[in-house]
2 protein chains.
Amino acid sequence: MSYGDAMNARVRSAERRSEIVRAALEVIAERGYRGASLGAVAERVGLTQQGLLHYFPTKDALLVAVLEERDQWDAVPNPQWRVDLLASLVEYNAMRPAIIQTFSALLGESVTEGHPARDYFAERYTRVRSGMAAVLRAEYGDRLPNGLTPERTAPLLVAVMDGLQYQWLLDPESVDMPGAFRDFLTLLGEEG
Amino acid sequence: MSYGDAMNARVRSAERRSEIVRAALEVIAERGYRGASLGAVAERVGLTQQGLLHYFPTKDALLVAVLEERDQWDAVPNPQWRVDLLASLVEYNAMRPAIIQTFSALLGESVTEGHPARDYFAERYTRVRSGMAAVLRAEYGDRLPNGLTPERTAPLLVAVMDGLQYQWLLDPESVDMPGAFRDFLTLLGEEG
DNA sequence: AACGAAACCTACCGCTCTACAGGTAATGCG
DNA sequence: CGCATTACCTGTAGAGCGGTAGGTTTCGTT
């Protein structure tokens, strides 16, 4: 059982860490990253602020863990995807406002100077754009309306997804995010 | 000269205030609203933090002034506008990254709970969407592709503008914001 | 049972922030 | 000139922040 017990300890530790990350997601959603305090996150998991620093030695380290969590959870698009899977993704997002709020808040902050998530978002956009271009090419070939290429359309697709999220977060009753996204897809679907 | 002198005093005061607002715009662009300190703004206009509070009694009052400044400067779309004016607006924006950065950072923060700019952005979106719908109707009538109405297309137009700004701010060399926006407009221009 | 490491805690440091209180010098008006 | 207002300043209160130092308890391993 010795090995098993060792695993248990490691597993408990890993569970604690992901508990903390989940709490951090919530607090960031409510107050942004700069506005989030380690104390508030710690309180939510029944720790003192210093107890939390045992798991993540700095506030930035906690943010890194939050961003890594996202990378696992929210995969970058790949050519296997079809565009109706994108629509489902947006529908899925509409059921998880807290997560969307977290990353919309982080994205907004990230454009400020020296923000610790800036590089993350910049690189992520690069990956997501090229992934989206591949999805578009797999779906439509190069037959996009008006001679648009997948590479030129991908930034628009990404912009629509992000931009709709802000409108929806600020006024969910007035903005039908999944519907609007499907509307956008129909613009791409017609023969060019 | 008595009346004129009185005016001079009032004018000087108003100039000082707008100097402060301009500095606040810069600091918010660099650090966001929550990250911006009154001291940093004050320093930029050669005042102490307490001297700045003589003009704006609280930090929130300064933010309100910043948002009002924007309302004057960046008018809500009206039906007189044509869509190529929108394209010019995006081109103009691309020449003023600092302003875009300020309001992109504020928009991101505004989705967090109890943020003082939240109502402002929510109401602004409502106005802008209906303004955009009017612009679209004036330009295309109801002949938008795939039976889309101007009201359903307006949120997409707004989303593209906002979403492109984030991609562009994070990676200006990879994202041709005005070009991408024009690409989007061509999607609307073809017969449906 | 003994030991080392992991998982916390209390105490505290130094800094930054908004805002209030109260003073003073300059300015413009009657 | 005298007075009120404006335009600042210094001083400080009061709170919150991230992070360090160092202790103690719990726990798995040997």
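Chain letters run A, B, ... following the sequence lines, proteins first and then strands; every chain starts at 1.
With hydrogens and angles left out, the side-chain atoms of A/D74 and A/Y92 include no donor and acceptor closer than 3.5 Å. A side-chain donor-acceptor contact under 3.5 Å links A/T112 and A/R34.
Distance B/H54 NE2 to D/dT10 P: 15 Å, rounded to the nearest Å. The nearest whole Å value for the distance from the CD atom in A/E43 to the P atom in C/dC9 is 12 Å. Rounding to whole angstrom units, CG of residue B/L63 and P of C/dT18 are separated by 13 Å. Distance CG (B/L52) to P (D/dC8): 10 Å, rounded to an integer number of Å. Between the CD atom of B/E15 and the P atom of D/dA7 there is a distance of 12 Å, rounded to whole Å. Between A/Q49 atom CD and C/dA7 atom C1' there is a gap of 16 Å when expressed in whole angstrom units. Put simply, CZ on A/R31 is 16 Å from P on C/dC17, counting in whole angstrom units. The CD-C1' distance, from B/Q50 to C/dC20, rounds to 10 Å in whole Å.
In this model, the phosphate group of C/dC8 is approached by a side-chain N or O of A/Y55 to a distance below 4.0 Å at OP1 or OP2. Residue B/R12 places none of its side-chain N or O atoms closer than 4.0 Å to OP1 or OP2 of D/dC8. Applying the 4.0 Å criterion to OP1 and OP2 of D/dG18, one finds that A/T58 has every side-chain N and O outside that range. Using a 4.0 Å cut-off, no side-chain N or O of B/S37 falls inside it from OP1 or OP2 of C/dT16.
Closest to the side chain of B/L38, out of D/dC8, C/dT18, D/dG18, is C/dT18. When distances are taken from the side chain of B/L47 to each of D/dA7, C/dT10, D/dC9, the shortest belongs to D/dC9.
Annotation: of the two residues near DNA chain C, B/K59 and A/T48, the 5′-most nearest-nucleotide partner is A/T48. Each of A/A36 and B/R16 lies near DNA chain D, and the nucleotide nearest B/R16 is the one positioned closer to the 5' end.
The six-membered or imidazole ring of B/Y33 lies near that of B/H115, with a centre-to-centre distance under 6.0 Å.
The structure places CD of B/E43 at 11.0 Å from CG of B/L47, a figure rounded to the nearest 0.5 Å.
Aromatic ring pairs are classed by plane angle as parallel below 30°, tilted from 30° to 60° and perpendicular above 60°; the pair A/Y166 and B/Y166 is parallel.
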